[in-house]
There are 4 protein chains.
Amino acid sequence: MTGPQTTRRKRANGVESRQRILDATVEIAGERGYDGTSIAAVSAKCGLPASSIYWHFKDKDDLIAAVIERSFETWLRAVELPGEDAGTPLERVTMMAANVARSLVAAPDFLRLGLMLALERRPTEPRGRTVFLQVRETAHQRIAEIVATLFPSLAEDVVDTLTTYAVAGADGLFVHREVTGDSVDLVALFELHARLIHDAAARMAAPAER
Amino acid sequence: MTGPQTTRRKRANGVESRQRILDATVEIAGERGYDGTSIAAVSAKCGLPASSIYWHFKDKDDLIAAVIERSFETWLRAVELPGEDAGTPLERVTMMAANVARSLVAAPDFLRLGLMLALERRPTEPRGRTVFLQVRETAHQRIAEIVATLFPSLAEDVVDTLTTYAVAGADGLFVHREVTGDSVDLVALFELHARLIHDAAARMAAPAER
Amino acid sequence: MTGPQTTRRKRANGVESRQRILDATVEIAGERGYDGTSIAAVSAKCGLPASSIYWHFKDKDDLIAAVIERSFETWLRAVELPGEDAGTPLERVTMMAANVARSLVAAPDFLRLGLMLALERRPTEPRGRTVFLQVRETAHQRIAEIVATLFPSLAEDVVDTLTTYAVAGADGLFVHREVTGDSVDLVALFELHARLIHDAAARMAAPAER
Amino acid sequence: MTGPQTTRRKRANGVESRQRILDATVEIAGERGYDGTSIAAVSAKCGLPASSIYWHFKDKDDLIAAVIERSFETWLRAVELPGEDAGTPLERVTMMAANVARSLVAAPDFLRLGLMLALERRPTEPRGRTVFLQVRETAHQRIAEIVATLFPSLAEDVVDTLTTYAVAGADGLFVHREVTGDSVDLVALFELHARLIHDAAARMAAPAER
DNA sequence: TATGAATGAGACTTCATTCAT
DNA sequence: AATGAATGAAGTCTCATTCAT
């Protein structure tokens with residue numbers, strides 16, 4: 001497919017080549033998923049021959065996993081850590097949600113590809129899927145801690161349920177935006193999401209008020 | 001065992017063959033997505049040769065679209081329509097949510113495959129994706145009508161936002177269950193989801209109470 | 001490919017069905033040759049299912065042969081037999097050539113498909129090819145007789161060479177028109193062809209004139 | 001026999017592989033035409049797996065086009081350019097015709113395959129067909145120039161008609177030989193062809209002589 | 001007189017991967 | 001650090017043909 005007619009040259013530069021391959025892969029895999037991502041397509045997009053991809057990555061699975069890892073790091077950098085204690089719980093929760101929403105708009109690859117991998121069930125689970133699920137489990141715990149801090153009187157299983165609900169809602173809203181298009185105001189939806197959860201938590205934390 | 005009338009026909013039963021093909025496809029496509037579904041795998045699972053599949057369906061795209069359509073109908077039948085006016089808005093909303101949750105547990109193929117298709121972006125959009133998005137748009141409007149009926153004082157755009165939020169949350173919770181496993185109590189999560197939305201709607205509908 | 005969705009009915013009418021199949025086949029085979037003519041394509045063009053084609057014709061080979069035979073008869077009818085003794089040899093020869101040219105423009109299928117078959121060399125020779133070559137051999141002899149009649153003093157092998165030359169030239173000019181398009185004036189070219197042959201024959205018949 | 005240096009390499013010799021593929025293809029396509037040429041057959045004949053063929057050629061169309069191009073070059077080399085000014089126009093024309101005839105006997109692939117492609121009309125025109133027709137158009141103009149040089153008083157459209165007639169006659173005679181077999185003396189027929197055209201041109205060039 | 005359904009073989013093409021250089 | 005060339009397996013789809021009805 002690449003054929004013998006291609007005659008590109010480049011100074012050997014391992015790091016840059018690796019980046020180019022990952023850039024190409026994230027774009028394709030984010031649109032087509034695991035099976036839809038062919039080495040030939042990556043090769044065509046990054047300009048390096050397929051055999052060079054195998055010099056940098058053991059196999060396709062390794063490549064996809066590397067993409068997941070790198071796009072996670074990219075996304076992490078896009079999440080600005082909020083000022084530690086900025087006012088009321090509602091304000092803090094809303095700000096965090098807006099933060100996450102903005103980061104997902106800026107760096108959607110991680111979640112996009114991750115969700116595609118997560119939904120698939122193949123005989124031998126891709127390493128990228130495992131990585132994604134682990135990262136997301138870590139995130140779950142981090143969020144649960146924050147919730148527990150903000151609402152100390154909540155029982156552990158309630159915190160867990162609310163956290164699950166928070167993450168699932170974020171996923172759903174993200175998918176909605178991916179499917180519907182850029183016109184969706186993800187920040188506003190995430191703020192609404194945060195407010196609803198906050199109110200529920202507040203009510204659950206202080207049942208006496210009723 | 002099946003008796004002597006089973007005369008090894010093997011010949012000519014179009015309707016049954018079509019069903020067998022669709023059964024096999026829904027199982028594979030629901031796990032592996034569009035690209036991961038190979039005609040050979042479908043053939044192996046349903047027992048008919050690949051060429052017979054092409055007698056019943058124009059091409060792979062047509063097959064996947066047919067699967068989406070049939071699994072949607074299956075799912076629709078699984079959603080029991082609730083008693084028309086059963087008590088308070090909260091009760092009605094909660095019951096509906098539980099209903100949908102139960103239907104998704106019983107017939108998850110439609111949403112599962114649909115979401116996989118929805119997340120993919122391929123050069124030529126599969127017809128199944130289009131069908132899924134259309135069906136879901138219809139559902140969105142149906143839900144919006146219900147919300148508007150239950151909370152007549154809500155502005156139209158608020159109803160729309162809440163509906164979007166409701167659907168997205170449902171998607172996210174469904175994905176959570178698909179990824180995490182059968183141990184997730186989808187009905188409980190959907191009831192929580194319904195309650196949060198209801199409370200938000202109630203508050204927005206009567207801002208004076210503040 | 002035709003699929004179960006096709007629901008056409010027709011009063012059973014063997015003769016008409018046969019004609020429709022042949023009509024469709026001549027069109028496709030005349031454009032695509034033996035290998036390029038698929039039963040499915042014929043079926044699509046004539047509206048009858050593939051299995052019906054096999055009711056009328058033993059196999060593909062039989063179908064193509066039937067097409068050759070029928071298109072030959074059609075062509076024969078298109079060649080108006082010229083008035084027996086119309087003037088000088090040049091006039092007669094020119095008129096005959098113009099006749100043939102006109103018939104080839106009106107009914108090109110026979111020669112078109114025939115030449116395609118003739119050029120191909122397949123392990124088991126199609127019956128249609130054999131038929132074509134036989135018909136053309138007969139034509140060769142008929143023409144040779146005419147030449148011998150018009151120029152009685154020519155040696156037999158000279159007559160044969162001239163006849164070969166006449167037929168080959170006709171083939172070449174026909175191909176030229178098929179390739180170049182309808183703008184080519186085949187009649188004029190055939191008349192030129194006839195004149196050149198006539199002059200050559202006349203000179204050979206009377207070498208004394210030199 | 002070939003000596004011990006033949007170390008069963010089997011590895012990496014792009015140029016030679018390409019030649020082997022083209023050799024195999026020209027043989028098959030020259031006998032069976034476009035549709036009759038299967039990649040599997042080429043693979044079997046050249047010893048390389050089908051996938052290797054696709055490394056050297058984008059697709060079947062590309063392969064056939066390459067065959068046309070190469071066989072044209074081969075044929076061009078087989079046409080010995082005649083001594084510039086060898087005697088009378090008749091002698092020169094006859095010599096050129098004999099030359100071409102000999103080249104067509106020695107390297108018939110170009111015209112053989114080209115004519116097969118030219119006669120076919122498929123929805124998407126093969127590139128090889130385009131190439132063939134272009135080459136042949138160039139040849140037409142080259143021949144027209146020669147005719148115009150030899151008979152300067154001929155009108156341009158007459159030169160064009162005679163050239164068309166010359167080429168078409170050559171095609172027809174070539175086809176005759178291909179169909180009839182090696183016993184046909186193509187050189188003699190081409191010389192006859194040349195003489196007839198020469199005489200016609202001479203007469204047209206000097207109408208006063210009449 | 002037809003045809004719906006089926007089928008094994010084979011079409012073109014792409015796949016992930018390897019390996020000598 | 002890279003790549004040209006190769007390859008077996010698998011991909012989607014079409015082929016000519018059959019057969020029970």
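FYI, side chains are in, hydrogens and waters are out, and symmetry mates aren't considered; it's all heavy atoms of this structure. In the text below, chain A, chain B and the rest are named by the order of the sequence lines, each starting its count at 1.
- In this structure, A:Phe132 has its ring center closer than 6.0 angstrom to the ring center of A:Phe110.
- Side-chain atoms of B:Asp62 do not come within 3.5 Å of backbone N or O of B:Phe57 as any donor-acceptor pair.
- In this structure, C:Ile39 places its CD1 atom 20 Å from P of E:dT7, rounding to the nearest Å.
- We find that CG of C:Asp62 is positioned 14 Å from P of F:dA16, with the value rounded to whole Å.
- Counting to the nearest Å, the P atom of E:dA2 and the OH atom of C:Tyr54 are 17 Å from each other.
- At least one donor-acceptor pair under 3.5 Å links the side chain of C:Ser43 to the backbone N or O of C:Leu48.
- Separating the OG1 atom in C:Thr25 from the CD1 atom in C:Ile68 is a distance of 11.5 Å, to the nearest 0.5 Å.
- For D:Arg70 and D:Asp23, the salt-bridge test passes: some basic side-chain N is under 4.0 Å from an acidic carboxylate O.
- Inspection of the C:Asp61 and C:Tyr34 side chains reveals an N or O donor paired with an N or O acceptor under 3.5 Å.
- For the pair A:Asp59 and D:Ala41, both in contact range of DNA chain E, the more 5′-proximal nearest nucleotide belongs to D:Ala41.
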Short heteroatom pairs, N/O only, protein and nucleotides 8-10 of chain E, under 3.5 Å:
{"unit_1": "E:dG8", "atom_1": "N7", "unit_2": "B:Ser51", "atom_2": "OG", "d": "3.2"}
{"unit_1": "E:dG8", "atom_1": "O6", "unit_2": "B:Ser51", "atom_2": "OG", "d": "2.8"}

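- Contact check, B:His56 against E:dG4: no side-chain N or O comes under 4.0 Å of OP1 or OP2.
- Both A:Arg18 and B:Thr37 lie near DNA chain F, and the one whose nearest nucleotide falls closer to the 5' end is A:Arg18.
- Listed for the D:Arg129 side chain is a donor-acceptor partner under 3.5 Å among the backbone atoms of D:Leu117.
- One atom, CZ of C:Arg32, and another, P of E:dA11, lie 16 Å apart when rounded to the nearest Å.
- In this structure, C:Leu63 places its CG atom 13 Å from C1' of F:dT17, rounding to the nearest Å.
- Remark: P of F:dT12 and CZ of B:Arg122 are 11 Å apart, rounded to the nearest angstrom.
- Rounding to whole angstrom units, NZ of residue A:Lys60 and C1' of E:dA16 are separated by 8 Å.
- With respect to B:Lys45 and B:Glu27, a salt bridge is recorded, a charged nitrogen being found less than 4.0 Å from a carboxylate O.
- Atom CD1 in B:Ile28 sits roughly 10 Å away from atom P in F:dT12 (whole-Å rounding).
- Of the possible donor and acceptor atoms, one in the side chain of B:Arg112 sits under 3.5 Å from a partner among the backbone N and O of B:Gly30.
- In this structure, D:Val15 and B:Asp35 both approach DNA chain F, and ranking their closest nucleotides by distance from the 5' end singles out D:Val15.
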Map every base of DNA chain E to its dot-bracket character, where paired means a Watson-Crick or G-U wobble contact with both distances under 3.5 Å and | marks a partner outside the strand. .||||||||||||||||||||
